[in-house]
Amino acid sequence: MTSLSAELTTITGDAFEAEGLSRAFGQVQGSDRSDLAQFQCNGALAAAKAAKTNPRAIAEKIAARLKANLFFSKVEIAGPGFLNLDVTDAMLAARLDVLRADPRQGAPDTGAGRTLVIDFGGPNIAKPMAVHHLRSSIIGDCLQRLYRANGWAVISDVHLGDWGLQIGQLITEIELEGSAPIYFDSNVVGPYPDDAPVTMESLVTLYPRASAACKADPPRLEAARRATVDLQAGRPGYRALWKHFVTVTEAGLTREFASLGVKFDLWKGESGVDGLIAPMIEDLKARGLAETSEGALVVSVARDDDKKPMPPLILLKSEGGVLYGTTDLATIIERVRDHDPALILYVVDHRQHSHFEQVFRAAHLAGFAGNAVLEHVGYGTMNGPDGKPFKTRAGGAMKLYDLIEMGKAEAEKRLAEQGIGAGYTADERAEIARKVGIATIKFADLSNHRTTDYIFDLERFSKFEGKTGPYLQYAAVRIQSILRKAGACAAVPSFLTSPEERVLALRVLALGDIMAAAEDKRAPNMLCEYAFELAQDFSRFYAAHHILSETDANLRAARLSLCAQVLGVLTKVLDLLGIEVPERM
RNA sequence: GCACCCGUAGCUCAGCUGGAUAGAGUGUCGCCCUCCGAAGGCGAAGGUCAUAGGUUCGAAUCCUAUCGGGUGCGCCA
């Protein structure tokens, strides 16, 4: 279905066209001044500027035409030439009924079947998910849900960091430890043990140790680099060891992502394009795009009009190792070959902006991108309340798992305080706490604009009052409770009788516009804002009108229908945010 | 040094391609549960939108400069 504002834009556009002006001036949007009108059109001001005439005179002409349309209950000119518009209640009610019957629930079809590949999460081997993975995971997950809802064929890829120097560092560390000599015996080419010589727990302590050792000791770093090259060249013992790292880490990550409610279509990693790299490099060499520079093989991506020095994309390090720019480039080839996407999004920390700039330029130079637009969806860094990188009280990195546990504990505490959960089973309480805890974390994160640097404040993350995830869940749970008490009742045609219902109806009808805008800007915070306003509008309606005790049967039925519809929209938006609504809480 | 991002209420943040009286939440101070769930609703106070210029009928938004903060700049990811 087309949205209400789009329909009004068509009508107003017609009016501008009839006056010999561009119909683009007819853009109608929700009013900034809800005390004055429901909708506004500022086109007369723009049109007057272009034609150098009086905006008020243009507005008069447009208004005269709009007044003839039965859609509008009010057409007014205000200030220098704003067109203020109200729609009739009958029209709003009719739109509600259309929306209720829409199988797409008002979602725009911006995708029209096109394919999106979205790359997010990006955890690394041997590192537990830390809080800084939170943003990529939940912003990426929200975007994949949104694009899917908007008619895109979405393919999400976790894109593990499983092929770089950190693996060489781990291998070297294990060799020095001497705990698994078989993988380093050059007389052995397999088979190797099925049981992993490491666990997630041991990897997690191994990696920081290896990393610190390499930083402090240059020969050690050299050894790690050689190990990386040998791994990438296919040394059997190293490959076997690497496989164990991946298996062990994946099991841990799967649990963590599952607890967050985040799913991926593909569990690929940097290593997945190993086979594509040699032919890609040969191809780039043959076409003169790759050259040797300072001992490395690079693709020059600088342009004459660059305002800053743009270093080349390094394909092969001096000692022959492959970098993540190399695998990223090869991954574009793979994705275009396998999926022919119209768009590839990379949801990665904005500090990596120049890396993606290099990779995208190289891809375009080489003609690898096919029909795909390549875009880095960056997000702000995560700091503690002091503005410095976030640490726990003990000084270590905060793990995502611990954060989720804290959110759950806080929710359980609240449940106990309210006394509401007294009759629930332990399982149900735990399930509610899980949903509420995760909603708190996700909403607190997503409601910030993604590009702003992020202050990770535990106190804020455990708040349940005000503009929070639990507020939205609470609103939904209250509606569920009303509907449960009302028993089975059929949906009836809508009609509106109060200002609160009118406001609520307008909000419900704006869903499609918000979904389109949030997609366009890749901005989950717009969905958060909308969900909050919707819940607030409902709470006002709820406070102003008693529904179950309404004696007018028709009005009662209409209000129950409205409740059900609001619940549907609220649940939908929360689902886009990756937030579940408990039965009760 | 060069480049990019940011500076909005005590605090944390929204403000879309320039538009009407700059908005939320939180905190502070009031009011509202004998009625559908108060994790709620209503109200008050709180701002020279970093500073100084410029463009425009009109600027938090666009341009310039200054101050303050963050980030990135060849073999980590």
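Protein chains get the first letters and strands the later ones, always in sequence-line order, with residue 1 at the start of each.
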Could you tell me whether [X] contacts a base, only the sugar-phosphate backbone, or nothing, with contacts defined as non-hydrogen atoms closer than 4.0 Å?
X      : value
A:E319 : nothing
A:S539 : sugar-phosphate
A:I314 : base
A:L415 : base

Exercise. Would you say A:F532 stacks on B:A24, if stacking means ring centres under 5.5 Å apart and planes within less than 30 degrees?
Worked result: no
Exercise. Does the aromatic ring of A:Y542 sit over the six-membered base ring of B:C36, closer than 5.5 Å centre to centre and tilted less than 30°?
Worked result: yes
For this session: Check whether any side-chain N or O of A:R351 sits under 4.0 Å from OP1 or OP2 of B:C4, and answer yes or no.
Result: no
For this session: Looking only at side-chain atoms of A:T452, point me to the closest of B:A14, B:C16, B:G40.
Result: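 The listed nucleotide nearest to A:T452's side chain is B:A14.
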Exercise. Between B:G70 and B:C75, how far is it from one C1' atom to the other, in whole Å?
Worked result: 26 Å
Problem set entry | Distance, P atom - from B:U34 to B:A39, rounded to whole angstrom |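 Looking at atom P only, B:A39 and B:U34 are 15 Å apart.
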For this session: Write down the distance between NE2 (A:H133) and P (B:A77), rounded to a whole number of angstrom.
Result: 14 Å
Exercise. Going by modelled atom types, is there a donor-acceptor pair between the base of B:C75 and the side chain of A:S318 at under 3.5 Å?
Worked result: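 Present.
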Exercise. Would you say the base of B:G74 and the side-chain of A:S293 have a donor-acceptor pair closer than 3.5 Å?
Worked result: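 A donor-acceptor contact between them is present.
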For this session: Answer yes when A:E357 and A:R361 have at least one side-chain N-carboxylate O distance shorter than 4.0 Å, and no when they do not.
Result: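 So A:E357 pairs with A:R361 through a salt bridge.
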Exercise. Any side-chain heavy-atom pair from A:H355 and A:Y324 closer than 4.5 angstrom?
Worked result: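 Side chain of A:H355 against side chain of A:Y324, heavy atoms only: contact under 4.5 Å found.
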